[in-house]
There are 2 protein chains.
Amino acid sequence: MGKHQNTVGSSTYEKIKHDIIFGQLVPGSKLKLELIKRQYEASVSTLRETLNRLASEGFVLAEEQRGFYVTEVSQKDLIEIAKLRVLLECHALKASVESGDDDWEGNLVAAHHKLQLMEKKMIAGDVSEKETWKRYDWEFHLAVIEACNSKNLLDLHSILYDKYLRYQMLVFTFRGYEAAQEHHKIFEAALSRNGTEAARLLEAHIINGLEHTLAAM
Amino acid sequence: MGKHQNTVGSSTYEKIKHDIIFGQLVPGSKLKLELIKRQYEASVSTLRETLNRLASEGFVLAEEQRGFYVTEVSQKDLIEIAKLRVLLECHALKASVESGDDDWEGNLVAAHHKLQLMEKKMIAGDVSEKETWKRYDWEFHLAVIEACNSKNLLDLHSILYDKYLRYQMLVFTFRGYEAAQEHHKIFEAALSRNGTEAARLLEAHIINGLEHTLAAM
DNA sequence: GACTGCAATATTATATGATATTTTCGCTTT
DNA sequence: AAAGCGAAAATATCATATAATATTGCAGTC
């Protein structure tokens, strides 16, 4: 197993990021060092490292001499993020579909299969594994574009996905059946190497999610 | 009284980022805390904050328990960055040209004018103000896309521009006359609200720069 | 004699609590 | 009200202690 032993820094990073994405830390709230020090059991300096990292990814706002705040949310911001995700993810998809090898196909089939199983459970009413479901969603979307051959693109996409996810978690209302169908169609188009069609479907998938979230905000 | 009342943190951030982009800190070299502590006159904690920020932007590689390194360069990485810059900057340009108002136009004219003056000097042989020239280049490219109406997009673009710039500085060979002409054409197309044409010219501009840099690597 | 494995040592990164600055906020004075 | 003045709170920075990694030296083996 590739379990790397965690430093205090990296584990508080994971925790705080998770708490921002999943709404435990509410948008706009101030992250007072003395307070979160207790909550996350780390020293001020370690926390500051973490918060600086999160700030340059955009999850935290760092105001010089004035402290740290959980980044605000807004409809405008969500729209920007969704549009960027469309731009980057569709671009990556087309490149990936063109150059993906057998490994890529195998991985994609596996990711789609796992996601599908979980979606069936969710549609049947079992919402107990929300976080696992979201992880499978992520793994599927990643598997589709993973062969795009650009680490820089994948890195940018990963952050955008998390920002988008934060909005989805914020308003959490289920769009399971439609989303599952869309995933399936994207999967089929990608596997049959129809990049243009897959990109069209992916764009619709993201925009549908956007509208669903906007409506619930 | 110091000239600038910045925090130690933000000024070391600026300095180290600058030294990476302009090649004073060589790609792949290790950033030993104790050593750079003297060089940048800051404490370990402050340095670690800075290096963590730079790591999440991609200028520094942070290896758990093993320290910090200046990010390596490679032709593959440069190609990825150039392609992403094309994708994002052209997209932003089209949006900007569509929705730019009189303020945007005024700013663009000013930025283009300043850049043009500096380019004339450079072409005439005066390379003393290399950094000012690059700043004007940045201000021009920013002015073109600034009305794209997406803070998220502008933020991503800013980092990509800096990464691209690093490669240009690495091999510094002058492409002044051609680049100046390309800038001028982009400017004209943008001002006459021909987004498609301006994007085409911008793409060519970036790809020409890429090939020029690749050839010199 | 070169190579491997292992322990002792040196070096480096990580984490912390203490100190110095800066901002915030309530109180007073005009 | 508005401006000025501290005291209290929060942030920024530092020096140092702790934990991990890298290096060195040495015995035992082929």
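All figures in this text were calculated on a predicted structure; none of them were measured in a lab. First the proteins, then the strands, lettered A, B, ... as listed; each starts at 1.
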field: All pairs passing ring pair (Phe, Tyr, Trp, His ring centres under 6.0 Å) where residues 56-79 of chain B contributes a residue, at least two apart
entry: none
Mind checking whether [X] and [Y] have side chains closer than 4.5 Å, heavy atoms only?
X	Y	answer
B:Val44	B:Arg48	yes
B:Leu214	B:Val171	no
B:Gln116	B:Phe140	no

Whole angstrom value for the distance that separates [atom2] of [N] from [atom1] of [X]:
X	N	atom1	atom2	answer
B:Glu49	C:dT16	CD	C1'	14 Å
B:Leu47	C:dA15	CG	P	16 Å
A:Leu51	D:dT11	CG	C1'	12 Å
B:Gln65	D:dA19	CD	C1'	8 Å
B:Asn52	C:dA15	CG	P	10 Å
A:Leu31	D:dA10	CG	C1'	13 Å
A:Phe68	D:dT11	CZ	P	8 Å
B:Asn6	C:dT21	CG	P	17 Å

Restricting to side-chain contact (heavy atoms from CB on, under 4.5 Å), what partner residues turn up for [X], sequence neighbours left out?
X	value
A:Val127	A:Met122
A:Ala55	A:Val60, A:Ala62
B:His91	A:Leu87, B:Leu153
A:Glu89	A:Arg85, A:His141, A:Ile145, A:His157, A:Leu202, A:Ile206

task: Name the nucleic acid region contacted by A:Arg48, choosing base, sugar-phosphate or nothing; use a 4.0 angstrom heavy-atom cut-off, strictly under.
output: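 If one applies the 4.0 Å heavy-atom cut-off, A:Arg48 turns out to touch a base.
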task: Mind checking ring pair (Phe, Tyr, Trp, His ring centres under 6.0 Å) for B:Phe187 and listing every partner two or more places apart, or none if nothing turns up?
output: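 Only B:His112 meet the ring pair (Phe, Tyr, Trp, His ring centres under 6.0 Å) criterion with B:Phe187.
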Review item, nucleotides 6-10 of chain C N/O atoms under 3.5 Å of protein N/O:
none

Phosphate OP1/OP2 of C:dA13 contacted by B:Lys30 side-chain N/O (<4.0 Å): yes
message: Any side-chain N or O of A:Arg66 below 4.0 angstrom from OP1/OP2 of D:dA12?
response: no
field: Those residues that, when tested against A:Arg166, pass side-chain hydrogen bond (donor to acceptor under 3.5 Å, both in side chains) (two or more places apart)
entry: none
field: For A:Tyr161, side-chain hydrogen bond (donor to acceptor under 3.5 Å, both in side chains) partners two or more places apart
entry: A:Asp137
- prompt: Does anything in residues 32-45 of chain B reach DNA chain C, meaning a heavy atom under 4.0 Å, and if so which residues?
  reply: B:Lys32, B:Leu33, B:Val44, B:Ser45
- prompt: Which comes earlier along DNA chain C counting from the 5' end, the contact point of A:Thr46 or that of B:Gly67, where each point is its nearest nucleotide?
  reply: B:Gly67
- request: Not counting sequence neighbours, which residues clear salt bridge (charged side-chain N to carboxylate O under 4.0 Å, His left out) with A:Asp155? List them please.
  value: A:Lys151
task: Give the angle between the helix axes at the two ends of the helix from C:dG1-D:dC30 to C:dT30-D:dA1, taking five base pairs at each end and rounding to 10°.
output: 20°
